**Student:** 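One structure, as structure tokens, below. Some questions next.
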Amino acid sequence: MLNVKPSWNSWKLLTEKGRHIWAFKSESNTINEHLKNANTLSEQEIKEFSRDFQFDKASNPNSGDKVYRHSAIREKFTKFKGQIPQVASQEKQKITDALINGMNYHTFLQSDDGHWPGDYGGPLFLLPGLLIASYISGTPFPKAHQEMMKLYLFNHQNKDSGWGMHIEGESTMFGTVMQYVSLRILGVDKDHESLINARSWIKSNGGATGIPSWGKFYLATLNLYDWQGFNSLFPEMWLFPKWLPFHPSRYWCHSRMVYLPMAYCYAKQIKVPENELILSLREEIYNESFDTINWPSQRNAVCEKDCYTTPSPVLKWMNFFTNNYEKFKCSWLRKKAIAYILKYLNAEDAQTDYINIGPVNKAINSICIWDAYGKDSEQFKKHVARWYDYLWIAEDGMKMSGYNGSQLWDTAFATRAMLESELGKLFPATIEKSYQFIELSQIKTEHPTHAEFFRHPMIGSWPFSTAENGWPVADCTAEGLSATLAIHHSGLVKTVINDERIKQAVDIILSYQNIDGGWATYELTRSSKWLEKLNPSEVFADIMIDYSWTECTAACVISLLEIQEDYPDYKAGQIQQAITAGLQFILKQQKPDGSWYGGWAVCFTYATWFAVEAISKAKGKGYLKDTILTSSIDKACAFLVDKQKTDGGWGETFESCSKLVYTEAVSSQVINTGWALLTLMVADFTDKKVIETGVNVLLSRQTDIGDWPQESISGVFNYNCMITYANYRNIFPIWALSRYYDKYIQV
Ligand code: LAN
């Protein structure tokens with residue numbers, strides 16, 4: 001069982017239609033009251049926090065989501081009470097029992113509204129952004145939250161006293177300066193030992209002038225860096241004619257929505273007034289005296305530990321022009337640009353009910369709205385209310401999530417994993433609740449300003465998190481649809497998502513297909529790859545446009561294949577064409593060694609699973625020549641067999657993602673093992689020994705209550721930043737065991 005610490009119990013997760021917020025010592029279950037007791041924190045309680053949220057990063061930087069999991073199973077947990085099917089042999093019985101235990105445990109983690117809440121932390125540059133927004137706007141977090149945030153920041157300090165981009169990463173200037181400044185904002189004294197050491201890391205690596213551009217931006221808003229040292233964001237570009245191939249409406253929506261509020265802050269040169277803390281920090285983070293720094297020459301200075309993408313000559317030229325433009329800019333045009341940007345920011349706030357598309361623009365939009373309308377404005381208050389949607393508590397403290405959660409995504413996967421075999425039907429109440437959540441999360445209306453602000457149509461789609469977040473995602477729509485179909489097939493629920501809604505989802509999926517045959521994330525690919533030459537981020541790759549991805553494409557192809565079975569008459573010709581082009585795209589992405597690179601999880605085992613799942617489901621149905629499909633599958637299986645570790649499992653590290661080559665983990669990982677097993681089984685791989693030894697790894701790692709251990713980090717974005725998917729350690733072992741049961745055990 002969990003090694004439960006007393007003060008974990010003072011935090012309670014409140015959930016409502018997918019929204020989740022941690023409340024401190026809350027007697028009530030309503031989200032509105034979650035802050036009621038958070039400001040009265042005694043010295044005694046602070047001591048208890050630092051005792052109970054001690055975390056040993058050295059043994060594993062990944063927390064196990066123990067606080068939520070403990071609260072979910074406390075008092076309620078029981079072993080499975082139903083009838084466990086008796087199967088032919090003892091070996092098979094062991095697997096059946098493990099599957100039931102695994103599902104039984106996971107059902108206890110489902111919240112009343114039907115989704116699976118979980119830790120979605122990992123990146124370390126998110127919480128600092130939010131803290132900076134709270135500092136600039138003079139809106140501090142309650143005491144209880146502040147203490148928990150401090151603990152998180154301290155807990156993730158590396159041995160060398162710096163911090164990484166993400167919890168598993170080596171120290172970088174971006175990570176270190178951002179956490180350092182955050183701790184100071186939270187009131188930690190500069191003579192605290194950890195800060196003394198962190199300072200020496202910063203100074204010995206060249207000082208904060210070498211922080212990458214996103215860090216320069218945050219420091220500038222804090223008046224810790226001169227805006228002169230920041231390449232122009234050319235706010236006027238938002239007034240460009242829309243047909244231009246480099247108009248910002250063609251950027252990947254995440255870049256668009258981050259550079260939008262950044263441009264506002266840049267145009268307004270927002271900075272907090274100097275005060276004691278700021279003056280002191282200016283002395284703490286630089287190697288030279290603040291007043292003598294030659295700011296313009298710092299614009300492209302980046303600490304070598306942070307460099308992931310090098311700025312292209314085109315970007316350098318563009319910066320040359322836009323930086324010079326600043327000297328001669330026309331003030332009415334600038335005002336017009338600011339007005340347009342503000343209108344756009346308001347639209348994004350309204351469309352997402354102030355959640356915003358993600359954690360970065362959440363923080364920066366808050367700063368802009370505070371600047372535009374003031375601290376007491378309704379708009380700013382609505383922003384602040386949503387800060388809490390992004391905060392998560394685990395045994396390592398309070399972190400900022402990479403999104404407002406992964407609600408729909410995890411629910412769809414968990415449901416499909418369970419329903420892969422008949423045994424899932426032993427949990428009808430869980431499936432019923434999942435269905436309610438999936439139903440609730442399908443987007444039903446279009447926002448009035450969606451076309452004006454370049455949004456892809458969304459009626460019938462599913463988002464990654466909640467309907468309120470309201471950004472449709474191509475593969476989340478596919479997963480939502482596949483899960484819906486699986487639930488309908490199970491016969492466990494009364495159908496609410498009717499044919500019309502199913503068809504709307506199909507239409508959305510079709511509308512998302514790119515001309516290269518693949519599917520991207522939130523939108524169509526709206527410009528060409530050369531735009532990447534303008535990527536100014538230094539720390540992320542491929543962020544400028546929305547690219548087609550193997551995983552997104554496979555998810556869409558799979559759901560369309562399922563639709564063809566269930567709704568054979570619906571747009572049959574168009575769907576057939578879409579599937580064919582999708583398969584061709586997937587085949588083209590296969591590496592010579594038989595694997596596929598995964599852009600959204602770690603890594604080759606993930607994308608290989610998606611690809612092989614799609615190809616195997618399509619085989620024998622006349623889409624492409626079966627010989628081509630078979631040879632692709634065979635190569636993929638050979639790849640996996642080659643990577644199987646001696647204990648029978650598979651394991652990759654996050655470096656697979658950033659280095660683009662398969663990087664084997666020291667020990668096998670249950671999540672990678674799950675993906676590899678799912679692949680081999682869907683491929684009907686003939687050497688059953690390979691599969692059995694893999695299954696044994698899953699069985700041997702399972703805990704008494706049916707959980708699996710949290711091992712290494714399993715999610716990624718933009719190649720270089722890792723993100724936690726806490727539910728994956730349950731979902732994928734369950735899914736693999738379900739498939740095993742379905743294929744080899746059930747008679
Ligand atoms: C996500 C999370 C989900 C993910 C999948 C659905 C798994 C993927 O198949 C498509 C892309 C998507 C939707 C995705 C895109 C990038 C996100 C939104 C994230 C990884 C979560 C956080 C990340 C976002 C960009 C983080 C903020 C950082 C910036 C660089 C703006």
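Order of appearance sets the numbers: ligands from 1, and atoms from 1 within every ligand. Nothing here was measured: the structure is a model prediction, and the numbers come from that model. The figures here come from the full heavy-atom set of this structure, side chains too, leaving out hydrogens, waters and symmetry mates.
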**Student:** In ligand 1, which numbered atoms sit nearer than 4.0 Å to a non-hydrogen atom of Cys552?
**Tutor:** 9 (O)
**Student:** Given the side-chain rings of His456 and Tyr522, with only the six-membered ring counted for Trp, is the space between their centroids under 6.0 Å?
**Tutor:** no
**Student:** Should we count NZ of Lys444 as having more than 12 external heavy atoms under 6.0 Å?
**Tutor:**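 Check passes, neighbour count above 12.
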**Student:** Any luck finding a side-chain donor-acceptor pair between Tyr547 and Asn514 under 3.5 Å?
**Tutor:** no
**Student:** Go through the side-chain N and O atoms of Asn365 and Asp349 and say whether any donor and acceptor fall under 3.5 Å apart.
**Tutor:**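 A pair is found: one side chain offers a donor N or O, the other an acceptor, under 3.5 Å apart.
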**Student:** Under 3.5 Å between any N/O of Asp475 and any N/O of ligand 1: does that happen in this structure?
**Tutor:** yes
**Student:** Number the atoms of ligand 1 from 1 as they appear, then name those within less than 4.0 Å of a heavy atom of Gly402, with their elements.
**Tutor:** 21 (C), 22 (C)
**Student:** Tell me whether ligand 1 is touched by Tyr522 - counting only heavy atoms on the residue side and a distance under 4.0 Å.
**Tutor:**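 Judged by the 4.0 Å heavy-atom criterion, Tyr522 does count as contacting ligand 1.
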**Student:** What part of Trp471, side chain from CB on, backbone N/CA/C/O, both or neither, has a heavy atom under 4.0 Å from ligand 1?
**Tutor:**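 It is neither; nothing of Trp471 touches ligand 1.
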**Student:** Near Cys476, which atoms of ligand 1 are under 4.0 Å from a heavy atom of that residue?
**Tutor:** 6 (C)
**Student:** Any atoms of ligand 1 less than 4.0 Å from a non-hydrogen atom of Tyr403? List them with their elements.
**Tutor:** 18 (C)
**Student:** Heavy-atom contact under 4.0 Å between Tyr259 and ligand 1?
**Tutor:**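 No; Tyr259 lies far enough from ligand 1 that no heavy-atom distance drops under 4.0 Å.
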**Student:** In ligand 1, which numbered atoms sit nearer than 4.0 Å to a non-hydrogen atom of Val258?
**Tutor:** 31 (C)
**Student:** Tell me which protein heavy atom sits closest to atom 15 (C) of ligand 1, plus the residue, atom name and distance to 0.1 Å.
**Tutor:** Trp600 CZ3, 3.5 Å
**Student:** Under 4.0 Å from a heavy atom of Asn718: give me the atoms of ligand 1 that qualify, with their elements.
**Tutor:**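 It comes down to these atoms of ligand 1: 30 (C).
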**Student:** Mind checking whether Trp675 and Tyr728 have parallel, tilted or perpendicular rings, split at 30° and 60°?
**Tutor:**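 Because their plane-to-plane angle is over 60°, the rings of Trp675 and Tyr728 count as perpendicular.
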**Student:** Given the ring of Trp471, does Arg455 sit roughly above its face, with NZ or CZ under 6.0 Å from the centre of the six-membered ring and within 45° of the axis?
**Tutor:** yes
**Student:** Where the closest heavy atom to atom 3 (C) of ligand 1 is concerned, which of Phe540, Phe464, Tyr606 has it?
**Tutor:** Phe464
**Student:** Measure the distances from the heavy atoms of Glu551 to every atom of ligand 1 and state whether one is below 4.0 angstrom.
**Tutor:**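 Glu551: no contact with ligand 1 (<4.0 Å).
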**Student:** Provide the number and element of each atom of ligand 1 under 4.0 Å from a heavy atom of Trp214.
**Tutor:** 29 (C), 30 (C), 31 (C)
